[in-house]
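All ligand and atom numbering here is 1-based and tracks the order in the structure.
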Amino acid sequence: MPQRERGCLVAIEGIDGSGKSTQAALLARALGAVLTRAPGGTDLGRALRSLLLDQDRTLVGARAEALLMVADRAQHVEEVIEPALSSGRSVVSDRFSGSTLAYQGYGRGLDVEALASLVRWATGGLDADRYVLLDVPVEVTTARRADGSDRLEALGAAFQLRVADGFRALAGADPDRWTVVDGTGSVEAVHAAVLAAAGVW
Ligand code: ADP
């Protein structure tokens with residue numbers, strides 16, 4: 001029997017309110033791909049997500065937060081992403097390892113190289129084939145998120161700005177894997193740009 005071709009993993013990244021979940025869903029539908037998200041793409045991940053993002057949980061240290069995010073990544077890869085890819089399905093993930101580097105590294109100030117090696121260990125070296133960064137100014141995302149925020153979203157504009165700069169730095173350092181898309185247009189216009197950017201098929 002011929003070997004089934006491996007699927008591709010596309011991650012949609014950006015700060016909160018940049019339109020990731022909207023665009024991840026549209027992209028997955030357009031590609032017939034598995035739609036998932038991080039944190040929270042598995043049963044364990046959903047429990048970790050609530051530990052990580054519930055607003056009333058203010059005492060999560062930066063290193064504990066990073067380890068919980070990375071635990072989510074390990075489970076997500078093992079349980080959802082790797083099985084889909086190896087069965088030939090493509091996967092669209094609303095956030096992936098770029099977010100760990102941007103939030104826990106650039107946002108929280110943890111060592112980015114140390115985080116990158118922790119993430120590599122957790123994923124067994126699996127990374128997204130393509131990262132699409134939705135670039136939207138913090139003022140615009142703040143207005144879009146007027147209806148409430150989680151523990152990380154509530155950290156304020158200075159934190160979101162560090163994360164946004166971190167994403168741009170990651171994209172700039174690895175232009176073969178990352179594509180930056182202007183996320184300020186209409187949902188349809190951004191979708192067309194994301195589809196083009198994800199063009200690994
Ligand atoms: P994220 O997953 O990055 O937090 P969402 O996809 O949940 O972002 O979008 C955040 C909010 O902004 C939602 O209310 C959504 O309907 C709205 N939104 C998403 N994309 C756009 C867009 N291109 N223009 C205007 N509003 C948008």
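Ligand 1 places these atoms under 4.0 Å from at least one heavy atom of Lys20: 1 (P), 2 (O), 3 (O), 4 (O), 6 (O), 8 (O). In the vicinity of Thr22, heavy-atom distances shorter than 4.0 Å reach the ligand 1 atoms 5 (P), 6 (O), 9 (O), 19 (C). Within ligand 1, the atoms closer than 4.0 Å to a non-hydrogen atom of Ile15 are 3 (O), numbered from 1 in the order shown. Listed by number with element, the atoms of ligand 1 under 4.0 Å from a non-hydrogen atom of Val187 are 20 (N), 21 (C), 22 (C), 23 (N). Residue Ser186 has at least one heavy-atom neighbour below 4.0 Å for each of these atoms of ligand 1: 23 (N).
At a threshold of 4.0 Å, the pair Asp16-Arg95 counts as salt-bridged, since one of the basic side-chain nitrogens sits closer than that to a carboxylate oxygen.
Residue Arg46 places its CZ atom among more than 12 non-hydrogen atoms of other residues, nucleotides or ligands, all under 6.0 Å distant.
Within the 4.0 Å heavy-atom cutoff, Gly14 does not count among the residues contacting ligand 1.
Of the candidates Val34, Leu126, Val80, Leu85 forms a side chain to side chain contact (heavy atoms under 4.5 Å, CB included) with just one, namely Leu126. Between Val136 and the options Ile15, Thr141, Val181, a side chain to side chain contact (heavy atoms under 4.5 Å, CB included) holds for only Thr141.
Comparing heavy-atom distances from atom 23 (N) of ligand 1 across Gly19, Gly17, Gly185, Ala189 singles out Gly185 as nearest. The closest heavy-atom contact to atom 5 (P) of ligand 1, among the options Ala143, Ser18, Ser21, comes from Ser21.
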With salt bridge (Lys or Arg N to Asp or Glu O under 4.0 Å) as the test, would you mind laying out the steps for Glu13 and Lys20 before giving the verdict? CA-CA 6 Å; Glu13 297 280 14; Lys20 293 178 305 300; over 6 Å; no
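Using cut-offs of 30° and 60° on the angle between ring planes, the pair Tyr103 and Phe167 is perpendicular.
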